[in-house]
Amino acid sequence: MRLSRYFLPLLKETPSEAQIVSHRLMLRAGMLRQEAAGIYAWLPLGLKVLRKIEQIVREEMNRAGAVELLMPTLQLADLWRESGRYDDYGAEMLRIKDRHEREMLYGPTNEEMVTEIFRASVKSYKDLPQNLYQIQWKFRDEQRPRFGVMRGREFLMKDSYSFDLDEAGARRTYNQMFAAYLRIYDRMGLRAIPMRAETGPIGGDLSHEFIILADTGESAVYCDRRVLDLPIPGEDIDYSSDLSGIMRDWTSLYAATEDVHDAARYESEVAEGDRLEARGIEVGQLFYFGDKYSKPMKAVVTGPDGVDRPAQMGSYGVGVSRLLGAIIEASHDDNGIIWPDSVAPFGAAIINLRPGDAAVDEACGKAYAALTKAGFDPLLDDTDGRVGAKFAAMDLIGSPWQLIVGPKGLADGVVELKRRATGERQTLSLDAALAAIGA
RNA sequence: CGGGGCGUAGCGCAGCCUGGUAGCGCAUCUGCUUUGGGAGCAGAGGGUCGCAGGUUCAAAUCCUGCCGCCCCGACCA
């Protein structure tokens with residue numbers, strides 16, 4: 001992409017409404033525009049990151065054996081009456097009437113609908129287990145939206161729903177999701193800690209929240225700091241194998257959100273030097289809730305014994321849009337965002353210090369072609385700006401690699417290569433620079 | 001939902017108390033100079049002052065109502 005043709009409305013000054021750093025940086029970097037409280041337009045740069053995060057989630061869900069589908073954002077109220085949640089959910093649910101005065105709602109979550117889909121076609125234990133997921137917009141009419149995408153009313157969420165014949169099967173699925181979640185956050189450069197959590201309105205008796213430690217987190221968390229050093233399952237993980245060991249390793253060390261924190265247990269189980277009390281951002285949650293929905297909604301399967309029983313269900317959410325905020329909270333400096341390579345909107349930036357200079361233009365063109373071919377999706381700054389402003393802009397939007405091409409260096413046969421994360425700069429030939437990036 | 005605050009140009013703000021031709025910085029546009037870390041000079045454009053009523057000769061300013069947004073708390077992926 002050529003910057004001169006792109007839509008990147010950078011802000012020099014911070015909009016007054018933004019209180020936390022991720023919100024400020026997303027606005028300044030031209031990723032986001034607020035349209036109403038907790039409702040945002042995703043500008044091109046923000047959308048690119050959103051799509052990359054989405055894709056990582058998708059790849060890891062697929063790897064874990066889940067199957068993607070897409071359900072509508074609008075749902076019929078009658079469906080929610082089957083589970084009893086239409087009346088229970090309260091003002092957080094956005095309720096809508098269509099032209100026929102039919103009561104509808106903008107889905108805050110999809111347990112009812114997926115259960116309806118499941119029960120319509122699955123009748124036998126032979127078709128189990130199933131784990132269906134979608135990446136779809138949700139709406140929860142928060143009393144107090146805040147912190148940009150961290151607590152929006154409209155947000156993008158990966159939600160999956162599993163169906164098993166019995167509790168043992170459901171726990172196997174739960175463990176698969178547990179391992180997949182460890183991988184998802186790790187691939188985004190985040191250290192997410194699974195913590196025992198309350199089940200909330202979704203219900204059930206087994207639940208973990210995945211928490212990113214950050215000062216701006218909304219909840220207080222308590223854990224054994226040794227969880228920070230536990231190994232993440234590799235790409236070669238076999239999801240058909242017994243994963244209870246991973247689950248055991250990660251859950252044997254104390255880690256709990258304030259809602260379920262047990263101070264006495266914490267103090268007895270965690271050595272004083274290992275105690276970590278911090279703030280955390282919740283970026284995902286796992287629930288096992290058995291037949292909470294399948295029973296009232298009659299999602300039953302026939303077992304090998306010929307007896308019908310409600311499917312054992314779980315649901316698993318990842319806050320996709322929230323993750324942008326979480327990643328920025330975890331990775332930024334005074335100059336702007338520091339994107340991990342895996343989610344960077346552009347894998348590399350080429351800064352043309354003198355557009356119009358034939359030699360500089362040619363070198364930039366060569367770098368652009370090589371980086372494009374190597375899959376970096378580069379951003380070429382071909383604008384006529386001040387050098388300082390150009391550097392500041394690329395730092396602000398967090399380009400992981402910055403290839404700086406100017407007439408002075410080129411006269412000596414060199415360019416400058418800067419790594420955003422470390423600030424490290426090297427002066428080297430264009431070919432060597434491209435090789436260093438990996439193109 | 002309780003408490004507090006704010007709506008004036010794209011962004012950040014002053015003006016309001018004490019009513020009298022709507023300002024500043026940044027950004028934008030034009031010209032000249034400048035060009036390896038957010039340039040300088042000169043000029044220009046852009047605002048029914050959130051909306052609706054009211055008071056007044058006169059309202060950004062005072063009064064009433066409404067809408068929107070932000071912050072603290074309670075609540076929540």
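Chain naming here is simple, since letters A, B, ... match the order of the sequence lines and numbering starts at 1 in each. Both backbone and side-chain heavy atoms feed into the values below; hydrogens, waters and symmetry mates do not.
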Sole candidate of A:Q176, A:M177, A:R172 that passes side-chain contact (heavy atoms from CB on, under 4.5 Å) when paired with A:Y239:
A:Q176
Indicate, with a heavy-atom threshold strictly under 4.0 Å, whether A:P407 touches base, sugar-phosphate, or nothing.
base
Parallel under 30°, tilted from 30 to 60°, perpendicular over 60°: which one fits the rings of A:H261 and A:Y222?
parallel
In whole angstroms, the gap separating C1' of B:U35 from NZ of A:K408 amounts to 8 Å
Answer yes or no: does a side-chain N or O of A:R386 lie under 4.0 Å from OP1 or OP2 of B:A39?
yes
To the nearest Å, give me how far apart CD (A:E35) and C1' (B:G68) are.
13 Å
What integer distance in Å separates A:L11:CG from B:G12:P?
8 Å
Just checking A:G317: base, sugar-phosphate only, or nothing, at a heavy-atom cut-off of under 4.0 Å?
nothing
Here the distance between atom P of B:G37 and atom CG of A:D381, to the nearest Å, is 15 Å
Without decimals, in angstroms, what is the distance between A:R33 CZ and B:C69 C1'?
13 Å
Can you tell me how far P in B:G25 sits from the matching atom in B:C66, rounded to whole Å?
39 Å
Assign A:R28 to base, sugar-phosphate, or nothing according to its heavy-atom contacts below 4.0 angstrom with the strands shown.
base
Check whether any side-chain nitrogen or oxygen of A:K12 sits under 4.0 Å from OP1 or OP2 of B:G38, and answer yes or no.
no
Name the closest nucleotide to the A:P15 side chain, picking from B:A77, B:C70, B:G12.
B:G12
Tell me whether A:F155 is stacked on the nucleobase of B:A77, counting only the six-membered base ring and applying the 5.5 Å and 30° thresholds.
yes
Write down the distance between NZ (A:K390) and P (B:U34), rounded to a whole number of angstrom.
19 Å
Take atom CD of A:E142 and atom P of B:A74, then tell me their distance rounded to the nearest Å.
15 Å
Just call it for A:A36: base, sugar-phosphate, or nothing, with non-hydrogen atoms closer than 4.0 Å on any strand.
sugar-phosphate
Side-chain N or O of A:Q143 closer than 4.0 Å to phosphate OP1/OP2 of B:G2
no
Contact class for A:N335 vs. all strands (heavy atom < 4.0 Å): base, sugar-phosphate, or nothing?
nothing
With heavy atoms under 4.0 Å as the rule, sort A:G152 into base, sugar-phosphate or nothing.
base
Report, as yes or no, whether the 6.0 Å neighbourhood of atom CD on A:E35 holds more than 12 heavy atoms from other residues, nucleotides or ligands.
yes
Report which part of the nucleic acid A:Q19 touches: base, sugar-phosphate, or nothing (heavy-atom distance under 4.0 Å, all strands).
sugar-phosphate
What is the ring orientation for A:W42 with A:W137, classed by angle as parallel under 30°, tilted 30 to 60°, or perpendicular over 60°?
tilted
